[in-house]
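Comments concern the structure below.
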Amino acid sequence: MTQVAYIDPSDGSRYPVDRPRWRAPSGHYLNLTPGAGLRRGDIDGACRSVWRYARAIRVPAAAAVSMGEGWTPLVEIEWSGARVLAKLEFMMPTGSFKDRGMTVMVSYLKQCGLDRVLEDSSGNAGASLAAYAAAAGMRARVLVPETASYPKIVQIAATGAETMAIPGSRQDVAEAAVAMSAEIFYASHNWQPFFAEGTKTLAYELWEQSGFDVPDNIVVPLGYGSNVLGCGHGFDELAASGEITRTPRIFAVQAANCAPYYTAYAAGVDHLLPTQIEPTIAEGIASSQPTRVREVLGAVRASRGAVIAVSEPEITEALGALARKGLYVEPTSAAAGAGLTQLLARGVVAAGERTVLVLTGSGLKAGERIGALLRL
Ligand SMILES: *Cc1c(COP(=O)(O)O)cnc(C)c1O
């Protein structure tokens, strides 16, 4: 484990990590100081979870709260006439990629001595936090939108977590949580930088599973941006360690109905602009006020990738097409498939390139909605 500190990117102030914080005294979000990276020889090959990369995770492995998350399959499929690699991130203990970040974040908070945490979520992060808190013996309160998929709400409540359905938008839920943060430690995965410390293992895994090489392109759904940041940090660290000499292009896919990143990206700026927000079936990326906007856009641009937007019918079409290949994912994940279809059609991504389609959440969480969308 290397030395690590919180850093407020607005003024460069640093804070020790022995006391957990969700934001800086200035109110700004906090990042972690850059990691030292990872070398091939650092991998613990006997460990079949994200903790095989413990040498690069700035939380002691001895304190890990782990349920075997990560080390997910990378399988070749045909998509829109191209051979691509599907990364099955929904094959995690709670059915979404959120476990990759949550194992690290909860391990950190537990190690700091917290016994109670608060989170807000469209559903999957709440389910993941509730499960890891339960495994760690911590109490949890989780706020979800009233409209969240019922199976996700049940999944949270079943852990014993205090579960509160909040009326209004995803943003209203986040604001209700902030209002409670004086009472209970706000363990928001969208603020806590130790969450992205976990998601960076996606980059390590893709590198290791590609025979210690990198794909040409990675296509991910984009809500707040933890997969984008994880890829950005992870590949940067591998480059800094001298393990790779190029990094993949990152293509981040938003639902056109809720596309604040796309609007900023298209305008060439690195801050949010006023954006019209409509409901979307991609509930996991229905985020109108993401946190680390500059870092996420910076990671996409530095990779020479792009932020793109897909319509509701495009998402539904991709959902059906994935399911008919046996890949039963939730609509949010299908947005990435719809994005890849666009990128191939526009020639931005070529069929001969090595392209990874990241499938983030299980369809088992959204059966009723999927049935209605596919008219089954
Ligand atoms: C949370 C979530 C996303 C979006 O992740 P961000 O970190 O918000 O970009 C994508 N897919 C699923 C299934 C999710 O639960």
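Atoms within a ligand are numbered from 1 in the order they appear, just like the ligands themselves. Please read these numbers as outputs of a predicted model, since none were measured by experiment.
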| said: Main chain of S169, side chain of D172: is a donor-acceptor contact present, judged purely on distance under 3.5 Å? | reply: yes
So, regarding T332 and ligand 1 (criterion: nitrogen or oxygen to nitrogen or oxygen, under 3.5 Å), is there a contact or not? no
Margin query: Any carboxylate oxygen within less than 4.0 angstrom of a Lys/Arg side-chain nitrogen, looking at R116 and E162?
Written below: yes
Within the 4.0 Å heavy-atom cut-off, what I285 brings close to ligand 1 is side chain
When R304, E353, R354 are each screened for side chain to side chain donor-acceptor pair (under 3.5 Å) with N217, the one that passes is E353
Tell me whether ligand 1 is touched by G225 - counting only heavy atoms on the residue side and a distance under 4.0 Å. yes
Do the charged groups of K325 and E78 touch, with an N to O distance under 4.0 Å?
yes
For this session: Establish whether L206 and V219 are linked, either directly or via other cluster members, by ILVMFWY side-chain heavy-atom contacts under 4.5 Å.
Result: no
The atoms of ligand 1 lying under 4.0 Å from a heavy atom of G284, numbered in the order shown, are 1 (C), 2 (C), 3 (C), 4 (C)
Here the pair of heavy atoms bringing V329 nearest to A334 is CG2-N, 4.1 Å
Exercise. Touching ligand 1 at all, S287? Heavy atoms, strictly under 4.0 Å?
Worked result: no
of all protein heavy atoms, closest to atom 1 (C) of ligand 1 is K98 NZ, 1.4 Å
Test your reading of the structure: does G223 have an N or O sitting under 3.5 Å from an N or O of ligand 1? yes
In ligand 1, the atoms that come under 4.0 Å of a heavy atom of E330 are 13 (C)
of all protein heavy atoms, closest to atom 11 (N) of ligand 1 is T360 OG1, 2.7 Å
of all protein heavy atoms, closest to atom 8 (O) of ligand 1 is Y224 N, 2.7 Å
the protein heavy atom lying closest to atom 5 (O) of ligand 1 turns out to be F97 CZ, 3.5 Å
**Contact check: S333 vs ligand 1, nitrogen or oxygen atoms, below 3.5 angstrom** = no
Transitively linked via ILVMFWY side-chain contacts under 4.5 Å: I156 with F195? yes
Counting from 1 in the order shown, the ligand 1 atoms closer than 4.0 Å to a non-hydrogen atom of G361 are 13 (C)
We want to know whether N190 and S188 form a side-chain donor-acceptor pair, criterion being a heavy-atom distance below 3.5 angstrom. no
Any heavy atom of F90 closer to ligand 1 than 4.0 angstrom? no
* To do: Output yes when a side-chain donor or acceptor of E312 lies under 3.5 Å from a complementary backbone atom of I281, and no otherwise.
  => yes
